[in-house]
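A quick write-up on the structure given underneath.
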Amino acid sequence: QVQLVESGGALVQAGGSLRLSCEASGRTASMVAMAWFRQAPGQERKFVAAVSRRGGFWNHADSVKGRFTISRDNAKNTVYLQMNSLKPEDTAIYYCAAGSEIQTAPSAYDYWGQGTQVTVSS
């Protein structure tokens, strides 16, 4: 099995930057694809970004393109989400996920972290 632990969430002013980290442990070889999702109060869990095993393939949601960047360091078993030009609309709990391929549906991922809160003030 795989254990995922997110960190880096904080309260930040609009226009600021934040970097989230997701450290993995356990059977990390099974993490073919890593992704970030977010869920705001009263909203469904939405896809943010995903990256393939070696980082050769990636995808970002339209709402974050040009502002967020996903990356991974397999040697450290860690995936990152660099968030720039943050907006109040980005406020949500951010979750790290691991699965077999890059997909936008939450149900496609096998492992999830507990989430980290990101709050962007206006």
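If you're wondering where the values come from, they're calculated on a predicted model, not measured in any experiment.
The main-chain N or O of Ser85 is found under 3.5 Å from a side-chain atom of Arg67 such that the two form a donor-acceptor pair. Judged purely by atom type and a 3.5 angstrom limit, Thr91 has no side-chain atom pairing as donor or acceptor with the backbone of Glu89. When atom types are taken as modelled, the side chain of Glu6 and the backbone of Thr116 share no donor-acceptor pair closer than 3.5 angstrom. No donor-acceptor pair under 3.5 Å is formed between the side chain of His60 and the backbone N or O of Ala50. Not a single donor-acceptor pair under 3.5 Å links the side chain of Gln114 to the backbone N or O of Val5.
Under the rule for a side-chain contact (heavy atoms from CB on, under 4.5 Å), the partners of Gln13 that lie at least two apart in sequence or sit in another chain are Ser121. Among residues two or more places apart in sequence or in another chain, the side chain to side chain donor-acceptor pair (under 3.5 Å) test is passed with Thr119 by Gln117. Residues satisfying the side chain to side chain donor-acceptor pair (under 3.5 Å) criterion with Glu23, sequence neighbours excluded, are absent altogether. Under the side chain to side chain donor-acceptor pair (under 3.5 Å) criterion, Ser17 pairs with Asn84, not counting sequence neighbours. Residues passing the side-chain contact (heavy atoms from CB on, under 4.5 Å) test with Ala108 are Gln103, sequence neighbours excluded. Shown here are the side-chain contact (heavy atoms from CB on, under 4.5 Å) partners of Asp110, two or more places apart in sequence or in another chain: there are none. For the side chain to side chain donor-acceptor pair (under 3.5 Å) test, no residue two or more places apart in sequence or in another chain qualifies with Ser71. Evaluation of the ring pair (Phe, Tyr, Trp, His ring centres under 6.0 Å) rule for Tyr109 yields Phe37 as partners, not counting sequence neighbours. With sequence neighbours left out, Val12 forms a side-chain contact (heavy atoms from CB on, under 4.5 Å) with Leu86, Val120. Residues meeting the salt bridge (charged side-chain N to carboxylate O under 4.0 Å, His left out) test with Arg19, sequence neighbours left out: none.
Listed by first then second residue, pairs satisfying disulfide (SG to SG under 2.5 Å) with a partner in residues 50-122 read Cys22-Cys96, not counting sequence neighbours. Sequence neighbours left out, not one pair with a member in residues 31-84 passes disulfide (SG to SG under 2.5 Å).
Taking CD1 of Ile70 as the reference point, atom CG of Asn59 lies at 9.5 Å (rounded to 0.5 Å). Note that CD of Gln39 is 8.5 Å distant from CD of Glu44, once rounded to the nearest 0.5 Å. Here the straight-line distance linking atom CE of Met83 with atom CG of Leu18 works out to 4.0 Å at 0.5 Å rounding. We find the CG-CZ distance between Asp90 and Phe68 to be 4.0 Å, quoted to the nearest 0.5 Å. Going from atom CG of Leu4 over to atom CG of Asn77 covers 10.5 Å, rounded to the nearest 0.5 Å.
Of all the heavy atoms in Pro88 and Ala14, the pair that sits closest is CD-CB, 4.2 Å. Arg38 approaches Ala92 most closely through the heavy-atom pair CB-CB, 3.8 Å.
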* Criterion side chain to side chain contact (heavy atoms under 4.5 Å, CB included) on Ile102 and Ser52, from CA distance to verdict -> CA-CA 7 Å; Ile102 296 177; Ser52 63; 4.1 Å; yes
* For Lys65 and Asp62, what are the C-alpha separation, side-chain angles and deciding distance, and is it a salt bridge (Lys or Arg N to Asp or Glu O under 4.0 Å)? -> CA-CA 5 Å; Lys65 285 182 178 178; Asp62 289 340; 3.2 Å; yes
* Asked: Between Val48 and Leu81, is a side chain to side chain contact (heavy atoms under 4.5 Å, CB included) present by the stated rule, with each step listed?
  -> CA-CA 9 Å; Val48 175; Leu81 184 67; 4.2 Å; yes
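A side-chain donor-acceptor contact under 3.5 Å links Gln3 and Ser25.
Taking the six-membered ring for Trp and thresholds of 30 and 60 degrees, Trp112 and Tyr95 have ring planes more than 60 degrees apart, a perpendicular arrangement.
Each of Tyr80 and Ile93 belongs to its own hydrophobic cluster when Ile, Leu, Val, Met, Phe, Trp and Tyr are linked at side-chain heavy-atom distances under 4.5 angstrom. In the hydrophobic clustering of this structure, Tyr111 groups with Tyr94; members are Ile, Leu, Val, Met, Phe, Trp, Tyr whose side-chain heavy atoms approach within less than 4.5 Å, directly or through other members.
A 4.5 Å side-chain heavy-atom check between Thr69 and Trp58 finds every atom pair outside the cut-off.
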